[in-house]
Engineer: 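Mind having a look at this structure? Questions to follow.
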Amino acid sequence: MPESVEEPAPSAAPLPSAQAAPAAGGAESGAAARDRDDDGRARQARPRDALGRPLPYGAQGVEPVSEDPLPPRETVETALGLLAAGRPFSAHEVFEARWKDGPDEERDLWQGLAQLCVAITHALRGNTVGAHTLLERGTQRLQQYAATDGPTYGVVLQRFVEEARERITQ
C-alpha cells in the first residue's frame, strides 16, 4: 500500500479523549514479589485496567497484549486498534515490543509512537505534566525519524502527532 498524506492512514483512527479516569484500586502495600518468567524476566501476570494500572490479583482486567513483537504493519494496525478502543497503554506496549526488536535505524519511529501513547495514557490518568513531557519527547523522536525518510508503515507521522496533541490538550 503506497504511503501518502491523502491515504486514509492508520493514524486517522480516533484516539481516546484525555479526560482523567478515576484511579484503579488494588495497589498492594509493601514490596510485592514481581511476576517473572522461567528466565527471571519481569512479566505482567497481574490484571490491569484499560490505562495499564494494576488491579488486585483475581480481578477482571483488560485482555493483555502479547509481549512478542509483531511485524511492522501488524504492529501499526494492532496499536491503532487499541488506541481506538481506549487502550493507549496497551498500544504503547505493542509499539515498545517492536522498538526493542526492530532495527536500530527505526528506533526513533517505534519509540516516538510508544511515547505518544504513554503521553495519552498520562493525560487520561490526570497527569498533565507527564503527558506534556512525553508528548514533547515522542514528537522530537518522530521529527528526527521523519528526517531520515525511513518507512512509516502507513502512519502519517505529523497527523499522528497532531491527533495525540489534540487528545492531550482537550
Side-chain angles (χ1 to χ4, degrees), residues 1 3-5 7 9-18 34-37 39 41-44 48-54 62-170:
M1 169 187 324
E3 297 173 14
S4 71
V5 175
E7 171 189 349
S11 64
L15 300 175
S17 296
R34 293 190 68 181
D35 299 313
R36 303 227 174 242
D37 65 14
D39 295 327
R41 291 185 302 256
R43 295 292 182 213
Q44 298 298 327
R48 298 199 172 260
D49 72 5
L51 297 179
R53 294 174 292 212
V62 296
E63 182 71 27
V65 296
S66 173
E67 295 180 30
D68 295 327
L70 301 169
R73 287 204 183 262
E74 191 176 340
T75 295
V76 169
E77 290 171 15
T78 300
L80 293 177
L82 289 163
L83 278 169
R87 295 182 56 192
F89 183 81
S90 295
H92 134 267
E93 289 181 319
V94 171
F95 283 136
E96 183 177 64
R98 182 80 215 137
W99 126 42
K100 290 181 176 181
D101 189 65
D104 288 343
E105 58 272 9
E106 292 181 5
R107 179 184 173 110
D108 281 340
L109 170 66
W110 303 116
Q111 193 169 17
L113 292 170
Q115 287 175 325
L116 291 181
C117 291
V118 173
I120 294 167
T121 301
H122 280 302
L124 290 168
R125 290 177 175 176
N127 178 358
T128 308
V129 173
H132 287 282
T133 298
L134 269 294
L135 174 66
E136 294 313 312
R137 283 185 196 161
T139 298
Q140 187 173 44
R141 285 194 181 278
L142 292 178
Q143 288 171 341
Q144 290 171 346
Y145 185 75
T148 70
D149 289 325
T152 61
Y153 304 102
V155 178
V156 179
L157 299 180
Q158 186 58 39
R159 186 181 307 162
F160 193 93
V161 168
E162 289 167 5
E163 289 177 7
R165 187 176 304 279
E166 286 175 21
R167 298 309 185 262
I168 290 165
T169 58
Q170 286 182 345

Engineer: Indicate yes or no: at least one non-hydrogen side-chain atom of Leu80 is less than 4.5 angstrom from one of Leu83.
Structural biologist: yes
Engineer: Check whether any side-chain heavy atom of Pro69 lies under 4.5 Å from a side-chain heavy atom of Lys100, and answer yes or no.
Structural biologist: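 A side-chain contact is absent here, since even the closest heavy-atom pair is not under 4.5 Å.
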Engineer: Just verifying a value: how many Å separate Thr148 OG1 and Gln143 CD, rounded to the nearest 0.5 Å?
Structural biologist: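 Between Thr148 OG1 and Gln143 CD, I get 13.0 Å after rounding to 0.5 Å.
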Engineer: Give me the atom names and distance for the closest heavy-atom approach of Cys117 to Ala91.
Structural biologist: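 Reported closest heavy-atom pair: SG-CB, 3.8 Å.
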Engineer: How far does CD1 of Ile120 sit from CZ of Arg167, to the nearest 0.5 angstrom?
Structural biologist: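 It comes to 8.0 Å.
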Engineer: Rounded to the nearest 0.5 Å, how far apart are CD of Glu93 and OG1 of Thr121?
Structural biologist: 9.0 Å
Engineer: Can you name the one residue among Val118, Leu113, Leu116 that meets side-chain contact (heavy atoms from CB on, under 4.5 Å) with Phe95?
Structural biologist: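 The single option meeting the side-chain contact (heavy atoms from CB on, under 4.5 Å) with Phe95 is Leu113.
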Engineer: Quick one: CG on Leu135 to CD on Gln140, what's the gap to the nearest 0.5 Å?
Structural biologist: 11.5 Å
Engineer: On a heavy-atom basis, which atom in Pro151 and which in Leu109 lie closest, and how many Å separate them?
Structural biologist: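 Residues Pro151 and Leu109, closest heavy atoms: O-CD2, 3.6 Å.
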Engineer: For Trp110, does its backbone N or O pair with a side-chain atom of Tyr145 as donor and acceptor, under 3.5 Å?
Structural biologist: no
Engineer: Check side chain to side chain donor-acceptor pair (under 3.5 Å) between Glu96 and all other residues, then give those that pass, not counting sequence neighbours.
Structural biologist: none
Engineer: Are Gln115 and Arg137 linked by a side-chain donor-acceptor pair shorter than 3.5 Å?
Structural biologist: no
Engineer: Using the rule given for side-chain contact (heavy atoms from CB on, under 4.5 Å), can you reason through Val65 versus Leu82, listing the C-alpha separation, both sets of side-chain angles and the distance that settles it, and then say yes or no?
Structural biologist: CA-CA 10 Å; Val65 296; Leu82 289 163; 3.7 Å; yes
Engineer: About how many Å separate CD of Glu163 and CD1 of Ile168, when rounded to the nearest 0.5 Å?
Structural biologist: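 Taking CD1 in Ile168 and CD in Glu163, the distance rounds to 12.0 Å.
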Engineer: Any salt bridge between Glu63 and Arg48, counting N to O under 4.0 Å?
Structural biologist: no
Engineer: Taking Thr75 for its side chain and Leu70 for its backbone only, find out whether a donor-acceptor pair lies under 3.5 Å.
Structural biologist: yes
Engineer: His132 and Val129: side-chain contact (heavy atoms from CB on, under 4.5 Å), yes or no, with the steps?
Structural biologist: CA-CA 5 Å; His132 287 282; Val129 173; over 6 Å; no
Engineer: Is it the case that Arg125 places NZ or CZ above or below the six-membered ring of Phe89, under 6.0 angstrom from the centre and within 45 degrees of the axis?
Structural biologist: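 Verdict for Phe89: a cation-pi partner in Arg125.
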Engineer: Please determine whether side-chain contact (heavy atoms from CB on, under 4.5 Å) holds for the pair Tyr153 and Glu74, giving the CA-CA distance in whole Å, both sets of side-chain angles, and the decisive distance to 0.1 Å.
Structural biologist: CA-CA 9 Å; Tyr153 304 102; Glu74 191 176 340; over 6 Å; no
Engineer: Which value, rounded to the nearest 0.5 Å, describes the distance between His92 atom NE2 and Arg87 atom CZ?
Structural biologist: 13.0 Å
Engineer: Compare every heavy atom of Gly130 with every heavy atom of Asn127, then report the nearest pair and how far apart it is.
Structural biologist: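 Looking at all heavy atoms of both residues, the closest pair is OD1-N, 2.8 Å.
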Engineer: What are the two closest heavy atoms between Leu51 and Gly86, and how far apart are they?
Structural biologist: CD2-O, 4.4 Å
Engineer: Give the intermediate values and the outcome of salt bridge (charged side-chain N to carboxylate O under 4.0 Å, His left out) for residues Glu136 and Arg165.
Structural biologist: CA-CA 9 Å; Glu136 294 313 312; Arg165 187 176 304 279; 3.1 Å; yes
Engineer: Taking the side chain as C-beta and beyond, is there a heavy-atom pair between Leu142 and Asp108 under 4.5 Å?
Structural biologist: no
Engineer: Looking only at non-hydrogen atoms, find the nearest pair between Ala131 and Ala123 and report the distance.
Structural biologist: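 In this case the closest contact between Ala131 and Ala123 is CB-N, 3.7 Å.
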